[in-house]
Amino acid sequence: MEHLSKSTSQPLEHSQEMITGSEVLLRCLLKEGTECVFGYPGGNVLYIYDAMVGNPDFKHILTRHEQGAIHAADGYARSTGKVGVCIATSGPGATNLVTGIATAYMDSVPLVVITGNVPTTVMGTDAFQEADIICMTMPITKHSYLVRDVNELPRIIHDAFHLANTGRKGPVLIDIPKDVSNQTMLFQPSENISIRGYHAAPSPNQAAIDDLLQAIAESEKPVIIAGGGVVYSNASNELLEFVHRTNVPVTMTLLGLGGFPSGHQLSLGMLGMHGTYTANMAVQQADLIISIGSRFDDRITMNTAGFAPHAKRIAHIDIDPAEIGKNIGTDIACVGDIKAVLEYANTKAKRSRSDNWIQALKENKAKYPLHYMDSDTVLKPQFVVEMLSKTTDGEAIITTDVGQHQMWVAQFYKFKHPRSFISSGGLGTMGFGFPSAIGAQAGNPGRLVVSVNGDGGMQMCAQEMAVCAIHNIPVKIVVINNQVLGMVKQWQEIIYDNRFSHIDLKGSPDFVKLAEAYGITGLRASTTAEAARIWQKALETPGPVLVEFVVPKEENVYPMVLSGTNLDQMILGEFE
Amino acid sequence: MNRYTISVLVNDEPGVLQRVSGLFGRRGFNIDSITVGGSEQIGLSRMIIVTSGDDRIIEQVEKQLNKLIDVIEVTHLSLHSIVERELAFIKVKAEPSKRPEILGVVHTFRASIIDIGPNSLIIQVVGELNKMEALIELLKPYGILELCKTGTTAMIRGDKHP
């Protein structure tokens, strides 16, 4: 693939010269360290695209749909911790970003989203390709700016990057009318941040942390719920040390995967609707719950009234004060950056009285491991994920789409490192899995990136295979094809009494041929033996490869906790 | 359900009212009234919002408002001793023969007549909610043609200020 770092860049010159808003934008983005922008041109961003001509420092990847662009920027941001940037034109270009903005907002992903808009002179007249994208995205952005004057642009871009990647991170939208992108100004980069009333992260309240440490020292059955905040705050090492000092077992939320090593002896695996038996039971039996960077989402608490009934205290560490007490009442609130909170906690942490508890949890792990009925005749999707995990030794960056395959990856891939599991958790966006891998690969040129998709979600952004082919972006695209919308099928089977409605994906393309049509190697496996051989071939093939694994449609994700029931009311599937 | 009055200092920027009111709408918080106007600081406006809910809701209202970048400061006024006032215009049907009677009511409430038409009066009243409601009740029999209220504005008593 193209090398994306700007090795040839000259030191930026800020000599006093009149330049256009478009040129200001590009210079400011480079100054913020933007390595790569994903985008799609159109009428109202033509000045911006014109400024890219002959600018070798500015790397832009043309996707085939704006949704692909923003998911790629998202995958870049989640996998690198840097701000992801995308550009689209006004109107339909901007509205095509909406799903991606909401995806990033729900999962606190730092993005700077740039949209063109109609010239200020015709704003409000329903001009061609006019859409009030600021208004539409207010509920799903951390903040947004309409640039009315080119002189504001340097400050707005600088502030936007700061807002996106500090505090509770999130997408920031900058809407630039066409005339503003062509206005000229005497360029002066913005050096200072002063956003009145914005406090990125309060410094940790030491008294509250001391309370927490005392509660841990007295606790016999403590559990840590580690969420995405651990990953976003780069606090994995601090969490590991905290766990070693306190001897508290850890369960991870979906987005917490990778924040604590799955293979660690104190890891209980994921909790929640499709969590492990051990993790869910541990939460329900615990006398102390310590949520670290998790927001007590309904997919992990299930029925909140029946959540953690034996917990004497619930502690919550989070950077966002609004999360404290929002879904679950909290006894000990530690607001602050998780890394800073844990760094302080590690200076004083004492061991909990958890020895018997940990012994009991180990027994549960041995007795009720994640499990599926393997087969000699058909290829099981769980087998595929286990194979991916073993052959990559848990070292790959895995992106997923949404549905059954996502849960199987969460259950069976043994993540070792933070920022290696990229998945739409909060919004549950189908179509995210593949384009996000393009961004993850762009940000991590040296790493193996595997994108795991279902046959449903793959068809929502399949067009981005062109991007992989053109730029030789070596993503290994896995399609676990069960010819059905599997998770919907599972719900219809279990909750809607086998009344299957519009889940049949017959008529899907031949994925191998589809890949080949884009100029990508396509491979297929339908048996266990084939799967191992084909996957090995995919790993050995340079560049992008699509591998289709044909699996039976009958397979369900277990354990499963039905909405409205308690976390320990699990359907265990084949154990029963 | 309790009634709470909060003061929100915001950037005087386009769209800020929408950011605030949108937040209330999507999080399911009530807005009983909202007033916006200039503040003592250049570039900042002050909103006074009357909302209702339980303690958990009001805590969320404050916290979620604080997350808006254009919100500079949120003060929960109901925790303090405050003055609260609202202004209303009431257009009442008033043939000349009825005017003395209505004037009597108006004077008692320390309201004032700010316009007289051939068959109507506009009454201006400033006060707290109860006073306003009592006056409106008394005027109803004459026929209220139109009513507009500004919504409540409020301030902490004494030297204290947000």
Side-chain angles (χ1 to χ4, degrees), chain A residues 102 105 108 120 123-124 132-149 152 156 159-160 162-164 166-175 177 193-202 295 304 316 318-330 333 335, chain B residues 2 4 6-31 34 36 38-49 51 53-76 79 161-162:
Chain A
Y105 185 73
S108 308
T120 52
M123 261 188 171
D132 185 355
I133 194 65
I134 294 267
C135 183
M136 287 181 211
T137 58
M138 263 182 199
I140 52 169
T141 48
K142 183 169 174 182
H143 195 49
S144 49
Y145 296 93
L146 172 61
V147 188
R148 290 162 192 279
D149 176 350
E152 296 258 273
I156 286 175
D159 286 359
H162 179 71
L163 286 175
T166 57
R168 182 167 182 178
K169 298 168 185 188
V172 178
L173 183 132
I174 304 175
D175 196 24
I193 294 284
S194 97
I195 306 170
R196 200 170 169 184
Y198 176 68
H199 309 290
R295 60 190 171 88
T304 49
H316 194 170
D318 205 291
I319 199 165
D320 181 357
E323 289 303 340
I324 308 291
K326 188 183 83 178
N327 295 334
I328 292 285
T330 301
V335 176
Chain B
N2 293 317
Y4 299 95
I6 49 180
S7 164
V8 189
L9 197 62
V10 298
N11 283 323
D12 182 12
E13 294 270 347
V16 173
L17 178 59
Q18 203 174 0
R19 290 184 198 276
V20 171
S21 61
L23 170 70
F24 274 75
R26 93 179 152 268
R27 298 258 175 206
F29 307 147
N30 293 318
I31 297 180
I34 185 165
V36 197
S39 75
E40 71 286 351
Q41 299 179 59
I42 294 166
L44 299 185
S45 299
R46 177 166 277 115
M47 296 183 181
I48 302 293
I49 303 172
T51 180
D54 55 25
D55 287 349
R56 195 154 162 169
I57 295 276
I58 188 70
E59 186 186 322
Q60 270 294 305
V61 167
E62 274 190 74
K63 286 174 167 178
Q64 295 292 346
L65 280 171
N66 268 317
K67 284 176 69 171
L68 295 178
I69 307 302
D70 278 328
V71 167
I72 309 300
E73 188 179 56
V74 182
T75 311
H76 186 173
L79 297 176
H161 57 86

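Because the structure is predicted, anything quoted here is derived from the model rather than measured.
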Problem set entry | chain A contact via Leu23(B) - side chain, backbone, both or neither, heavy atoms under 4.5 Å |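 Contact with chain A involves no heavy atom of Leu23(B) at all.
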Problem set entry | Which of Pro139(A), Cys135(A), Pro321(A), Gly197(A) touches chain B most, by non-hydrogen pairs under 4.5 Å |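 That would be Pro139(A).
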Exercise. What option among His143(A), Lys142(A), His199(A) has the most heavy-atom pairs under 4.5 Å with chain B?
Worked result: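 Of the candidates given, the most pairs with chain B belong to His143(A).
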Problem set entry | Partners meeting side chain to side chain donor-acceptor pair (under 3.5 Å) with Thr141(A) (sequence neighbours left out) |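 Thr141(A): no side chain to side chain donor-acceptor pair (under 3.5 Å) contacts found.
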For this session: Mind checking side chain to side chain donor-acceptor pair (under 3.5 Å) for Asn327(A) and listing every partner two or more places apart, or none if nothing turns up?
Result: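 Per chain and number, Asn327(A) pairs via side chain to side chain donor-acceptor pair (under 3.5 Å) with no residue.
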For this session: Taking atom types as modelled, find out whether Asn30(B) and Tyr4(B) have a side-chain donor-acceptor pair closer than 3.5 angstrom.
Result: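 There is no such pair between these side chains.
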Could you give the side-chain donor-acceptor pairs of residues 7-15 of chain B under 3.5 Å, partners two or more places apart or in another chain?
residue: Ser7(B); atom: OG; partner: Arg46(B); partner atom: NE; Å: 3.2
residue: Asn11(B); atom: ND2; partner: Asp70(B); partner atom: OD1; Å: 3.0

Problem set entry | Region of Leu163(A) in contact with chain B, defined by heavy-atom distances below 4.5 Å |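 The answer is the side chain of Leu163(A).
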[X] side chain near [Y] side chain, heavy-atom distance below 4.5 Å:
X	Y	result
Val16(B)	Met47(B)	yes
Tyr145(A)	Asp159(A)	yes
Pro177(A)	Leu146(A)	yes

Exercise. Using a cut-off of under 4.5 Å for heavy-atom pairs, which of Arg19(B), Gln18(B), Glu73(B) has the most such pairs with chain A?
Worked result: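 Greatest number of close heavy-atom pairs with chain A: Arg19(B).
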For this session: Please determine if Asp320(A) and Lys67(B) form a salt bridge, counting it only when a charged side-chain N lies under 4.0 Å from a carboxylate O.
Result: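 Counted as a salt bridge, because a side-chain N and a carboxylate O are separated by less than 4.0 Å.
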Problem set entry | chain A-proximal positions within residues 56-63 of chain B [heavy-atom distance under 4.5 Å] |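 Within residues 56-63 of chain B, near chain A: Arg56(B), Glu59(B), Gln60(B), Lys63(B).
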